[in-house]
Amino acid sequence: MPAQQAIELIPRDKLVIVPPNFELYRKTSDYIHSIFGEVTGNYQSVALDEAYLDVTVNKLNEPNTLKVANYIQQKIVRETHLTCSVGISYNKFLAKMASDYRKPFGRTIILGQYAEDFLRPIPIEKFNGIGKAMQKKLHDMDIYTGGDLQNLDQDVFINTFGKMGYVMFRRVHGIDDAPVEGHRVRKSIGRERTYNQNLVLNEQIEKELKFLADLVGKDLKKQRQHGKTVVLKLRNSDFETVTKRMTFQDYVQDKGEIYRIAKEIYDKLDISDQKIRLLGITLTNLDPLSYEEVSLKLFTSEGNK
DNA sequence: GCACATCTA
DNA sequence: CTCCTAGATGTGC
């Protein structure tokens, strides 16, 4: 992983638009994740630049977690010139909250006896798991901080927010059982596009559906998966979103087939008068190709990509 | 159990 | 109403 000079002398008074470089991000991310793998066999990637590491026991044989964090941070900054923040605690939720506490190059540790104290002053919008919708409801109830949440009854949480309420009730009291999940199984593969100009003509819509079906088909093949359900997603010019799906007995993988199914769902909707802002196609009900299917494809030299 | 909408990251 | 991808959950049938 060669060090990359991403930032040059940028004039302070000018807005400079830097084009994205996803290849570099992917490569850098892979490298950083390889460092995680060097530290522990049990880590969960959650984004290009984020992961949960279970370092209860670790490959460095280092019981001091602050030293483990230091090792990771130093190595990343040395090799990539990027900084990162680390949060350390006894569960994933608190570790995440801790990592947000000091950025961009911080280390924060939350010990069990201080968990509730730590959360008390934090505004609810910073809580992992509380999004826009929950926030609004809570603000309407005059609840703004972790401390406000801690004063609520479990019943109120559950009655207002269901299962998520139960999870959040425990979290604000420092309890979270979510395991570090090393490799998670992919459950859907999909693509969507928002168009600069709303689509009106059937011709355009067919073209875009073909394009999306193509992308999804390619991804399926690359990941050696096929699925039984095709989901079509549409959003019109009024931002109304619908999804419609068709499930089959047999697996679908071919892009032509995906397109035909998506088109069929679209035609059934009978909305050719609407201006389409977004189209999406997703395959779910996924399963990996069997060994036989994979070897057949390789044998017929159709495989890969 | 499926279809669909909504919420969250 | 940034846009995109994906998972989880609630609701209705």
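Computed from a predicted model, the values in this text were never measured in an experiment. Below, chain A is the first sequence line, B the second, and so on; all start at residue 1.
- Rounded to whole angstrom, the span from the CG atom of A:L269 across to the P atom of B:dA3 amounts to 14 Å.
- Set against C:dA6, C:dA8, B:dC7, the side chain of A:R184 has C:dA8 as its closest nucleotide.
- Between A:S188 and the phosphate of C:dG7, there is a side-chain N or O to OP1/OP2 separation shorter than 4.0 Å.
- Between the P atom of B:dT8 and the NZ atom of A:K163 lies a distance of 16 Å, rounded to the nearest Å.
- Spacing between atom CZ of A:R191 and atom P of C:dC4 amounts to 11 Å, rounded to whole angstrom units.
- Within the nucleic acid shown, A:V242 comes within 4.0 Å of sugar-phosphate atoms alone, with no base atom in reach, counting heavy atoms only.
- Side-chain rings of A:F169 and A:Y166 stay apart, their centers remaining 6.0 Å or farther from each other.
- Exactly one of A:L138, A:I124, A:I130 qualifies for a side chain to side chain contact (heavy atoms under 4.5 Å, CB included) with A:M168. That residue is A:I130.
- Distance A:N236 CG to C:dC1 P: 16 Å, rounded to the nearest Å.
- For A:R245, taking side-chain heavy atoms from C-beta onward, the closest of the listed nucleotides C:dA6, B:dC4, C:dT5 is B:dC4.
- A straight line from CZ of A:F239 to C1' of C:dC1 spans 4 Å, rounded to a whole angstrom.
- The distance from atom CD of A:Q135 to atom P of B:dT8 is 8 Å, rounded to the nearest whole Å.
- If you check B:dT8, C:dG7, C:dC4 against the side chain of A:A133, the one that comes closest is B:dT8.
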Item checked: Derivation of the side chain to side chain contact (heavy atoms under 4.5 Å, CB included) call for A:E38 and A:K75 -> CA-CA 11 Å; A:E38 196 183 295; A:K75 182 145 186 177; 3.2 Å; yes
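- The phosphate of B:dC4 (OP1 or OP2) has no side-chain N or O of A:T243 nearer than 4.0 angstrom.
- Of the side-chain N and O atoms in A:K233, none sit less than 4.0 angstrom from OP1 or OP2 of B:dC4.
- As a whole-Å value, the separation of A:K244 NZ from B:dA5 C1' is 10 Å.
- Rounded to whole Å, the C1' atom of B:dT6 lies 16 Å from the corresponding atom of C:dC1.
- Taking atom CG of A:L278 as the reference point, atom C1' of B:dA5 lies 15 Å away to the nearest angstrom.
- At least one donor-acceptor pair closer than 3.5 Å links the side chain of A:N58 to the backbone N or O of A:E62.
- Within 4.0 Å of A:R277, counting heavy atoms only, lie sugar-phosphate atoms of the nucleic acid but no base atom.
- Counting non-hydrogen atoms under 4.0 angstrom, A:T247 reaches the backbone sugars and phosphates but no base.
- With distances taken from any side-chain atom of A:R193 to the nucleotides B:dT8, C:dT5, B:dA9, the minimum falls on C:dT5.
- Residues A:R193 and A:E208 are not paired through a salt bridge, judged by the lack of any N-O separation under 4.0 Å between the basic side chain and the carboxylate.
- Among the protein residues, A:G129 comes within range of the sugar-phosphate backbone only, with heavy atoms under 4.0 Å from sugar or phosphate atoms but none that close to a base.
- When heavy atoms are screened at a 4.0 angstrom cut-off, A:F127 is found touching the sugar-phosphate backbone but no base atom.
- In summary, of the residues considered (A:L283, A:V231, A:T229, A:T284), a side chain to side chain contact (heavy atoms under 4.5 Å, CB included) with A:S188 occurs for A:T284 alone.
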